[in-house]
Every structure is written in structure tokens, then in C-alpha cells.
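The next block holds one structure in the form of C-alpha cells; read it before the comments.
Atoms within a ligand are numbered from 1 in the order they appear, just like the ligands themselves. Any value given below was found using the heavy atoms of this structure, including those in side chains, with hydrogens, waters and symmetry copies removed.
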Amino acid sequence: MSTDTEVATAAASGASATERFHTDKSPFAAVADTPPARVDRLARRVLQAVHDTIREEKVTYDEYNALKAWLIQVGEDGEWPLFLDVWVEHVVEEVATEHREGSKGTIEGPYYVPNAPERGAKGTVPMRDDEAGTPMVWRGQVTSTDGRPLGGAAVELWHADDDGFYSQFAPGIPEWNLRGTFTTDAEGRFEITTIRPAPYQIPTDGSCGRLIAAAGWHAWRPAHLHVKVSAPGHELLTAQLYFPGDEHNDDDIASAVKPELLLAPVDQPDGSVTVDYGFVLDPVRN
Ligand code: DHB
Ligand code: FE
């Protein structure tokens, strides 16, 4: 573990995830035309689920006050992006992509940053000279659902380092470390050199950690690579890829693992691994 471990606090990663969300998204503009009837229906259903839980579980005033204090704390810690992406996003993703015939996706999580450095069709993701971890070469092809190769498709990759930390969300890591954009060649192919990421523990020293400890859960996500794959006329694919044998593939805290997202890495004599994994994008529906 590097010395980053001591200073990578929940407050730091929570606050940067919240700040990043505000920078990248205009969430209210996207729903500005929502009719009141839709808001009314959704708000009522969520409140009804809360009311039902209180009645059925005979929730006490002490528990209600603890909940209030905890909800306030989540905001103060800047941990709403973490909370929502870990315990809610996977169902939103399921509903948003259920019509697709191409590759499976999964949650984005809180640590995507757009416009990572361009590395062409074949290249090495930005990393430190002494970056720890097993070197990995990943080859793949991007096609459309009809089998046509998609040249000029963008494969945006981001992942944690060998200590489980993401650049821009933990201190002491170069800005674009382990973040890169690759553009497929005329045959839709790409080749990425990076390192194998480590399993990731969601921050345990903030309010999400407090919930995890109080409920007797664990905070682990299996090791994963994040990608966004895009091409003109096709739906954006947001996915994560996992490594077979990781003990948390079956009990990911974020419920984001799917069998289709497991890689099949091949160990090489020099200690590196190679992996083949490609993507099939769905054309935009008319
Ligand atoms: C969280 C972190 C991740 O790396 C991820 O992929 C999903 C969620 C989180 O801390 O909330
Ligand atoms: Fe992640």
C-alpha cells in the first residue's frame, strides 16, 4: 500500500464525487418537461414504500431520529453519489438497457471523468513510471449488432490502481492516471496496455461506511475495469469488466456484476496477462 492510503478519506472521495457530478451533469434540465402527474406518482410510491416499512417494522422514534441524523451526514460527507451508485444505480441501469440486443452494460459509478487523454487505436493508458500491478494487454473489436465493424468508435477506460484508488478522487495520484480514450481502427479494433486493477473498497470512514458497519455488511467491490463505448448512430454502452476468481464477484456491494462481463485473462510467461474482449453496440432506435 502506498502512503496515499492514509489520506484517501471518505470526505475526500465523497466531496470530489459530488463536485464532479455538479460539473458534468445538468440533471434538472434533462427532466424539465416531466409532467406533474409523473412526479406525483413517483414521489407517492417512494413515500408509500417508506411508510409501509415503518408500519410493518414498527420503526421507533429513536430509529427515525437516527435515520434523520444519518441522512444529514450523507450530504455533509458528500456521499450521495456513492450511496446512490452503490445501492440504487444497478436497477436504473437494468431498466434503461433492457431493450438492448448488443453487449451487456452495468453501472457507471461515481468516478468517471470525461475527456481522458487520447491514445489512438493501440496504446498505453497514462500511468506512472513505477505503476504497481500486473501489466495487462487488452485486445478487442467494436461492432454493430449486424456484425459491421465500427471504425472510429471511442473506448473510454478508467480504473483503480493497484491500491484500489482512482485518480482525481484520491490525493497524490497524477490527474489522468489509469484513464484513457482509445479510438478503434478501420476494422473496429483496439489494443490497450494497462495494469490489472485491485479490488476496491468503498470508503468506510464516512456515512456509507457507517451504514455498512451497522448492518454487518462488507464494503468490497470486485476488481473491475470501467468503460464507455460510443460510436455515431449507436447507443452509448457503459460497462465494467471483472476478473474470474475474485471473491467478491458473487457479493459485490454495488450489485453490478453480470456473467457476460467476466474476462478470460491468459497468463503470459513474462508475468503479464492478455485478454480479448469486444463490444457490440445497439443502433439508436428510431
Ligand atoms: C463506487 C465505486 C466504484 O468504483 C464503482 O465502480 C461503483 C461505486 C462507490 O464508491 O460508490
Ligand atoms: Fe469503480
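- Atom 4 (O) of ligand 1 has Tyr166 OH, 2.9 Å as its closest protein atom, hydrogens excluded (heavy atom only).
- Within the protein, the N, O or S atoms sitting under 2.8 Å from the Fe ion (ligand 2) are Tyr166 OH, His224 NE2, His226 NE2.
- Of all the heavy atoms in Pro126 and Arg119, the pair that sits closest is CG-NH2, 3.4 Å.
- Annotation: atom 11 (O) of ligand 1 to nearest protein heavy atom, Val86 CG2, 3.0 Å.
- By the 4.0 Å heavy-atom criterion, His224 is counted among the residues contacting ligand 1.
- Inspection of the Ser16 and Gln168 side chains reveals no N or O donor paired with an N or O acceptor under 3.5 Å.
- Here Lys258 pairs with Glu93 in a salt bridge; the nearest charged N to carboxylate O distance falls below 4.0 Å.
- Remark: Arg210 CZ is loosely packed, at most 12 non-hydrogen atoms of other residues, nucleotides or ligands lying under 6.0 Å away.
- Relative ring orientation between Tyr111 and Tyr200 is described as perpendicular, the plane-to-plane angle rising above 60° on a 0-90° scale split at 30° and 60°.
- Environment of CG in Asp270: crowded, with over 12 heavy atoms of neighbouring residues, nucleotides or ligands closer than 6.0 Å.
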Contacts under 3.5 angstrom, residues 231-245 side chains, donor-acceptor by atom type, not counting sequence neighbours:
residue : atom : partner : partner atom : Å
His234  : ND1  : Pro232  : O            : 2.9
His234  : NE2  : Ser144  : OG           : 2.8
Glu235  : OE1  : His99   : NE2          : 3.0
Glu235  : OE1  : Arg100  : NE           : 2.9
Glu235  : OE1  : Arg100  : NH2          : 3.1
Glu235  : OE2  : His99   : NE2          : 3.0
Thr238  : OG1  : Lys228  : NZ           : 3.1
Gln240  : OE1  : Arg221  : NH1          : 2.7
Gln240  : OE1  : Arg221  : NH2          : 3.1
Gln240  : OE1  : Tyr242  : OH           : 2.8
Gln240  : NE2  : Ile107  : O            : 3.0
Tyr242  : OH   : Arg221  : NH2          : 3.1
Tyr242  : OH   : Ala256  : O            : 3.1

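- For Ser103 (side chain) and Val280 (main-chain N/O), a donor-acceptor pair under 3.5 Å exists by modelled atom type.
- Heavy atoms of His226 come nearer than 4.0 angstrom to ligand 1 in at least one pair.
- Between Trp70 and Trp80, the two ring planes are perpendicular [angle over 60°; tilted spans 30° to 60°].
- Counting heavy atoms of neighbouring residues, nucleotides and ligands inside a 6.0 Å radius, atom CG of Asp33 does not exceed 12 of them.
- Near Ile202, meaning under 4.0 Å from any of its heavy atoms, are these atoms of ligand 1: 9 (C), 10 (O).
- The protein heavy atom nearest to atom 3 (C) of ligand 1 is Tyr200 CE2, 3.8 Å.
- Close approach of ligand 1 to Arg221 (heavy-atom distance below 4.0 Å) involves ligand atoms 5 (C), 6 (O), 7 (C).
- With a 4.0 Å cut-off on non-hydrogen atoms, Pro110 touches ligand 1 through its side chain and not its backbone.
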